**Q** 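Handing you a structure now.
Predicted, not measured: the structure shown is a model, and the values here were computed from it.
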Amino acid sequence: MKLNICHLYPDLLDLYGDRGNILALAARCRWRGIEPLIQQASLGDDLDFRGMDILFLGGGSDREQGLLVRDLMRREEELRRAIEEGLVVLSICGGYQMLGEYYQMASGEKIQGLGILDVWTIAGAKRLIGNVVVEIDERVLSVDSDQSIGMRASASKLKTLVGFENHSGKTYLGEGVSPLGKVLFGNGNNGDDRAEGVRYRNVFGTYLHGPLLPKNPHFADLLLELAIQRRGPLTRLVELDDHMEELAHQAMVKRLLKQA
């Protein structure tokens, strides 16, 4: 089996180790005998969203978002169609914001987003920086006919996400989407409502850098299972020995929650 994984704008959206998410997906594929086909695409490159299995957008600076949104807007209809058909998307920080309705800068100027996600972002007066622990919403890991064409990923002891945030934008969710979970430590989407991230169908947005997936192998496997299921009858992922990864994850959760 092969999986097509696209890293979009790797030259412009790669803050705080976000490239490691691609490395983690590729490694967890290879360890299972799945061949990862990694495509790197940037401004003006030809894209076949419907031929992708997983699309990844990392984080970048605010000044680049307008340029990247204009590039993606030319293919917005195709991307939207692929998402409605179940394309798995992981978007981090700036990539997350770009999929929303708009980003309002401190000056009041609005950078229009793609409008695929019912979220919007407003520049805050201070940066939200530091480690984050999120209690995952159970709906994120299970079937929901309105939100997903997927199913629960391989069993894991981990019910949290850990990562690192550094953003001034404060993102708010509309009624058409769900958060990834509740912030137990850190700020999350906006520092106000204790929500972090978003899920719409198989699209996941989050502010967690670090990179995210090596620190959260259960979340990486969720993305892989959703991508495999989209192709047809589900082939269950071979379970990996994530004992060391889980110990590291749990140690970070324990240390941070002691500070809460």
Side-chain angles (χ1 to χ4, degrees), residues 14-29 31-32 56 58-59 90-93 95-96 124 126-142 144 148 150-171 173 177-199 204-226 237-260:
D14 186 33
L15 288 180
Y16 312 117
D18 285 339
R19 186 182 304 269
N21 293 304
I22 294 292
L23 298 177
L25 287 172
R28 295 183 74 80
C29 282
W31 294 339
R32 293 177 163 106
F56 174 67
L90 175 61
S91 54
I92 309 284
C93 199
Y96 171 20
K126 66 175 184 178
R127 297 196 72 82
L128 305 177
I129 305 175
N131 290 307
V132 183
V133 178
V134 178
E135 180 181 37
I136 302 174
D137 188 322
E138 279 297 313
R139 291 174 295 178
V140 170
L141 298 179
S142 61
D144 183 332
S148 168
M151 63 175 294
R152 186 181 179 87
S154 298
S156 172
K157 300 175 184 176
L158 304 180
K159 307 300 179 186
T160 50
L161 296 173
V162 296
F164 174 80
E165 64 181 344
N166 186 347
H167 55 105
S168 59
K170 303 175 74 171
T171 297
L173 274 55
V177 295
S178 301
L180 293 184
K182 180 177 69 175
V183 175
L184 302 180
F185 184 91
N187 297 285
N189 282 337
N190 51 57
D192 300 325
D193 58 19
R194 311 308 296 169
E196 160 53 26
V198 68
R199 179 173 186 177
F204 300 85
T206 179
Y207 277 110
L208 300 187
H209 298 280
L212 173 68
L213 298 183
K215 294 183 175 182
N216 301 278
H218 53 311
F219 192 60
D221 282 356
L222 172 65
L223 302 181
L224 292 174
E225 280 202 352
L226 291 171
L237 289 177
V238 174
E239 290 195 25
L240 301 176
D241 181 2
D242 288 329
H243 178 67
M244 295 303 295
E245 289 89 342
E246 291 181 355
L247 284 178
H249 180 105
Q250 291 166 340
M252 176 61 79
V253 171
K254 184 177 181 180
R255 180 168 71 84
L256 293 176
L257 293 188
K258 278 186 177 180
Q259 302 174 28

**Q** Hey, does the side chain of E165 reach the backbone of G188 with a donor-acceptor pair shorter than 3.5 angstrom?
**A**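 Yes, because the side chain of E165 sits within donor-acceptor range (under 3.5 Å) of the backbone of G188.
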
**Q** What pair of heavy atoms forms the shortest contact from K170 to N190, and how long is it?
**A**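 Closest pair (atom of K170, atom of N190, distance): CE-O, 2.9 Å.
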
**Q** Can a donor-acceptor pair be found, under 3.5 Å and without considering hydrogens, that links the side chain of H218 to the backbone of E246?
**A**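 Answer holds: no.
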
**Q** What distance separates K182 NZ from D137 CG, expressed to the nearest 0.5 Å?
**A**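 The CG atom of D137 is 10.5 Å from NZ of K182, to the nearest 0.5 Å.
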
**Q** Going from CG on L240 to CD on E245, what distance comes out if it is rounded to the nearest 0.5 angstrom?
**A** 8.5 Å

**Q** Got a sec, which residues hit ring-ring contact (aromatic ring centres under 6.0 Å, His included) with F204, two or more places apart in sequence or on another chain?
**A** F219

**Q** Can a donor-acceptor pair be found, under 3.5 Å and without considering hydrogens, that links the side chain of R19 to the backbone of D14?
**A** no

**Q** Please find the pair of heavy atoms, one from G20 and one from P214, that lie closest to each other, and give the distance.
**A** O-CG, 3.9 Å

**Q** Side chains of residues 22-29: which donor-acceptor pairs under 3.5 Å do they make with residues two or more places apart or in other chains?
**A**
from: R28; atom 1: NE; to: D221; atom 2: OD1; distance (Å): 2.9
from: R28; atom 1: NH1; to: D242; atom 2: OD1; distance (Å): 3.1
from: R28; atom 1: NH2; to: D221; atom 2: OD1; distance (Å): 3.4
from: R28; atom 1: NH2; to: D221; atom 2: OD2; distance (Å): 2.9
from: R28; atom 1: NH2; to: D242; atom 2: OD1; distance (Å): 3.4
from: R28; atom 1: NH2; to: D242; atom 2: OD2; distance (Å): 2.7

**Q** What distance do T206 atom OG1 and R199 atom CZ have between them, rounded to the nearest 0.5 Å?
**A**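 Rounded to the nearest 0.5 Å, the OG1-CZ separation comes to 13.5 Å.
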
**Q** Evaluate side chain to side chain contact (heavy atoms under 4.5 Å, CB included) for Q250 paired with L158, printing each intermediate quantity in order.
**A** CA-CA 8 Å; Q250 291 166 340; L158 304 180; 3.8 Å; yes

**Q** Verify, without hydrogens or angle tests, whether N131 (side chain) and F164 (backbone) share a donor-acceptor contact under 3.5 angstrom.
**A**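 Not at all, since once roles are kept as given, no pair shorter than 3.5 Å links the two residues.
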
**Q** Any sub-3.5 Å donor-acceptor pair from N189's side-chain atoms to G197's backbone N or O?
**A**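 Between the backbone of G197 and the side chain of N189 there is a qualifying donor-acceptor contact (under 3.5 Å).
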
**Q** If you round to the nearest 0.5 Å, how far is NZ of K215 from NE2 of H249?
**A**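 If I round to the nearest 0.5 Å, the distance is 10.5 Å.
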
**Q** Restricting to ring-ring contact (aromatic ring centres under 6.0 Å, His included), what partner residues turn up for Y96, sequence neighbours left out?
**A** Y207

**Q** State whether the side chain of N216 and the backbone N or O of V162 hold a donor-acceptor pair below 3.5 Å, judged by distance alone.
**A**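 Yes, because the side chain of N216 sits within donor-acceptor range (under 3.5 Å) of the backbone of V162.
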
**Q** So if I apply the side chain to side chain contact (heavy atoms under 4.5 Å, CB included) rule between F185 and each of T160, V134, V133, V132, which one comes out positive?
**A** V133

**Q** With rounding to the nearest 0.5 angstrom, report the CG to CG distance, N21 to L213.
**A**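 Between atom CG of N21 and atom CG of L213 there are 4.0 Å.
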
**Q** Calculate, to the nearest 0.5 Å, the distance between atoms CG and CD1 belonging to L208 and I92 respectively.
**A**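 Going from CG on L208 over to CD1 on I92, the span is 7.0 Å.
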
**Q** Locate the shortest heavy-atom distance separating C93 from H167; write the atom from each residue and the value.
**A**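 The answer is SG-CB, 4.2 Å.
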
**Q** Could you tell me whether a side-chain N or O of R127 sits under 3.5 Å from a main-chain N or O of N166, the two making a donor and an acceptor?
**A** yes

